[in-house]
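Hydrogens, waters and symmetry mates are skipped; everything else that's a heavy atom, side chains included, is used.
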Amino acid sequence: MSVIEIGKTVSLKYIVKLDDGTIVDESEDAAPLLFTIGDPNIIPGMVDAVLGLQEGDKKSFSVEPKDAYGEHDSDFVRDLPRNLFPDDMKICVGDQLAAINKNNQEIPFTVVEISNDMIIADFNHILAGKTLHFDIEIIAVTETMS
């Protein structure tokens, strides 16, 4: 049986919860998560937790914000003039929207406050500042194709 190490491809089922038990993501009705150990798009805490596991292993672990999506940074909360949005656009606190940067890339944000002339937008990742609690099951560990 192959052991998870840097460069291996891992397939796993998972449930991710917050401190209060709210499920924020799971693979229940979707395909298992498939990723390569060392891929920079995978949070470091996940990689650290699965290293050394094998197919069939189950594990529960928590990942602190610094090893997940980072701490919440107040510098990423910005005031946006309401006139940047269409007049007929209904905007509510909690909405997930996106701005377009100068490189034409979408930058997601959460609406945190609304006034007549301003919208306060939080550009932090929605899970920034949150401890994530995982329950995982390793489905497969394979050599990565190059």
Q. Do the non-hydrogen side-chain atoms of R82 and N116 ever get within less than 4.5 Å of each other?
A. no

Q.
I43 vs F134, test: side-chain contact (heavy atoms from CB on, under 4.5 Å). Steps then yes/no.
A. CA-CA 12 Å; I43 61 172; F134 289 83; 3.8 Å; yes

(Q) So, taking the atom named CD in E106 and the one named CG in L97, what distance separates them when rounded to the nearest 0.5 Å? (A) 10.5 Å

Q: Can you measure from CZ (F61) to CG (D48) and round to the nearest 0.5 angstrom?
A: 9.5 Å

(Q) Determine whether N103 and N101 satisfy the following criterion, side-chain hydrogen bond (donor to acceptor under 3.5 Å, both in side chains), listing intermediate values before the conclusion. (A) CA-CA 5 Å; N103 297 324; N101 70 10; 4.7 Å; no

Q.
Could you check whether any side-chain heavy atom of E137 comes within less than 4.5 Å of a side-chain heavy atom of D57, counting everything from C-beta outward?
A. no

Q. Does the side chain of P65 come within less than 4.5 Å of T131's, by heavy atoms?
A. yes

Q.
Under the criterion side-chain contact (heavy atoms from CB on, under 4.5 Å), I'd like the reasoning laid out for L132 against M46: C-alpha separation, chi angles, the key distance, then a yes or no.
A. CA-CA 10 Å; L132 306 178; M46 167 68 88; over 6 Å; no

Q.
Main chain of T142, side chain of S2: is a donor-acceptor contact present, judged purely on distance under 3.5 Å?
A. no

Q. Can any side-chain N or O of S115 pair as donor or acceptor with the backbone N or O of M118 at less than 3.5 Å?
A. yes

Q: Could you check if a side-chain atom of I126 sits within less than 4.5 angstrom of a side-chain atom of V24, using non-hydrogen atoms only?
A: no

(Q) Other residues, nucleotides and ligands only: do more than 12 of their heavy atoms fall within 6.0 Å of NZ on K8? (A) yes

Q. Within the distance-only criterion (no hydrogens, no angle test), does the side chain of D20 pair as donor or acceptor with the backbone N or O of T22 below 3.5 angstrom?
A. yes

Q: Quick one: pull up CG in D135 and CD1 in I15 and give me the separation to the nearest 0.5 Å.
A: 6.0 Å

Q. Are any non-hydrogen side-chain atoms of I138 and V10 less than 4.5 angstrom apart?
A. yes

Q) Distance-only, no hydrogens or angles: does the N124 side chain make a donor-acceptor pair with backbone N or O of D73 under 3.5 Å? A) yes

